[in-house]
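Quick notes on the structure that follows.
Heavy atoms only: backbone and side chains are in, while hydrogens, waters and symmetry mates are out. What you are looking at is a predicted structure, and each value in this text was computed from that prediction instead of being measured.
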Amino acid sequence: MFNLIRRDVILQKKQLFTFIPLIFFFIIMDIHPVLTYLIASLIIPFNTYVYDEKVETNILLNSLPYTRMEIIASRYLGAIVYMISAIGLTSIAFLAFNKPFTMADILMGSGLFLTFASITFPLFYIFKPGYIFPGVIIGFLLLGSVGPAIVLYVAERLTAVTDIIGSLSMHSLYTVAIIIILILYVSSWMITSVIYQRKAF
């Protein structure tokens, strides 16, 4: 399984030449650190899916001595490895440019990435190749534009829930959020494994 994760790094090494300048651009343009961490975390995992979609890598992977469970596990574990690496590199870049960021920015960026990955990863194995990535990009842009409005609308209607959330300390709030995101990520992992087991290549 480690070799599958390493394969993605080797395939994406050319992307590092665009990854680092892109992060520098975001920092220079004073893009919010949360969004910067999110974009940085998305680059390698989603580029890997796009590459595999183009060259039909799954046919090759299924001919190698790996189970389908191991292939999916490498995707989900690899995404966490890439996220941690991206956060580390982005934090170094923030420090190099003397730009402020907080642990809350890192946690929120990581949480958004894991949530977005949880929703989109299964879709790569449901929809036909060539359709999912444009859909993911459009969904990402729509979520960024209308997401805050939806949250405000729901908050206004569900005052009991917002009162409970408001009564929690920041530590409790982050703990609850982390637990929910981890449950979502593991559930997505299980769903994707089931889909991949039944998929014919």
Side-chain angles (χ1 to χ4, degrees), residues 5-55 57 74-121 123-124 130-153 155 170-171 173-175 177-178 180-182 184-185 188:
I5 296 173
R6 192 162 63 90
R7 175 198 76 98
D8 293 341
V9 175
I10 293 170
L11 289 174
Q12 296 298 325
K13 62 184 179 182
K14 290 183 180 179
Q15 297 296 332
L16 293 176
F17 293 108
T18 58
F19 169 82
I20 294 173
L22 180 64
I23 298 307
F24 286 169
F25 173 78
F26 270 60
I27 293 172
I28 292 169
M29 297 300 295
D30 281 328
I31 304 298
H32 197 284
V34 172
L35 183 58
T36 304
Y37 281 118
L38 173 60
I39 297 298
S41 299
L42 287 171
I43 292 173
I44 293 180
F46 281 87
N47 270 334
T48 300
Y49 272 108
V50 172
Y51 175 83
D52 288 349
E53 191 178 79
K54 286 181 180 178
V55 299
T57 303
S74 72
R75 297 290 197 198
Y76 278 80
L77 292 174
I80 293 173
V81 171
Y82 307 140
M83 179 192 74
I84 293 170
S85 302
I87 286 171
L89 289 171
T90 305
S91 297
I92 292 170
F94 274 123
L95 292 171
F97 282 91
N98 200 26
K99 297 287 185 177
F101 67 95
T102 65
M103 184 58 67
D105 295 329
I106 294 174
L107 290 174
M108 284 190 280
S110 302
L112 287 172
F113 166 73
L114 292 174
T115 302
F116 193 70
S118 299
I119 295 168
T120 56
F121 279 9
L123 300 180
F124 280 98
Y131 291 91
I132 180 59
F133 190 69
V136 167
I137 296 300
I138 292 169
F140 181 76
L141 294 174
L142 286 174
L143 185 63
S145 59
V146 303
I150 293 172
V151 171
L152 287 174
Y153 178 82
M170 287 304 294
H171 181 268
L173 196 59
Y174 279 123
T175 302
I178 289 168
I180 291 171
I181 290 168
L182 288 177
L184 181 64
Y185 197 73
S188 173

Would you compute the distance between atom [atom1] of [X] and atom [atom2] of [Y] and round it to the nearest 0.5 angstrom?
X	Y	atom1	atom2	answer
Ile178	Leu107	CD1	CG	5.5 Å
Ile20	Ile92	CD1	CD1	10.0 Å
Ile23	Ile39	CD1	CD1	8.0 Å
Lys99	Thr90	NZ	OG1	15.0 Å
Thr115	Met108	OG1	CE	13.0 Å
Tyr185	Ile181	OH	CD1	12.0 Å

Does Tyr37 offer a backbone N or O that forms a donor-acceptor pair with the side chain of Ser41 under 3.5 Å?
->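 Yes.
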Using a cut-off of 6.0 Å, state whether more than 12 heavy atoms not belonging to Phe25 lie near its atom CZ.
->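 No, because the 6.0 Å sphere around CZ of Phe25 holds 12 heavy atoms or fewer from other groups.
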Nearest heavy-atom pair of [X] and [Y]: which atoms, and what distance?
X	Y	answer
Pro33	Pro100	CG-O, 3.9 Å
Leu38	Leu112	CD1-C, 3.8 Å
Ser188	Ala117	OG-O, 4.3 Å
Ala79	Pro45	CA-CG, 4.2 Å

**Study point:** Test ring-ring contact (aromatic ring centres under 6.0 Å, His included) applied to Phe121 - qualifying residues, sequence neighbours left out
**Key:**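 Result, ring-ring contact (aromatic ring centres under 6.0 Å, His included) vs Phe121: Phe46, Tyr49, Tyr76.
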Tyr82 and Phe113 aromatic centres sub-6.0 Å
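For Tyr82 and Phe113, the ring centres are not under 6.0 Å apart.
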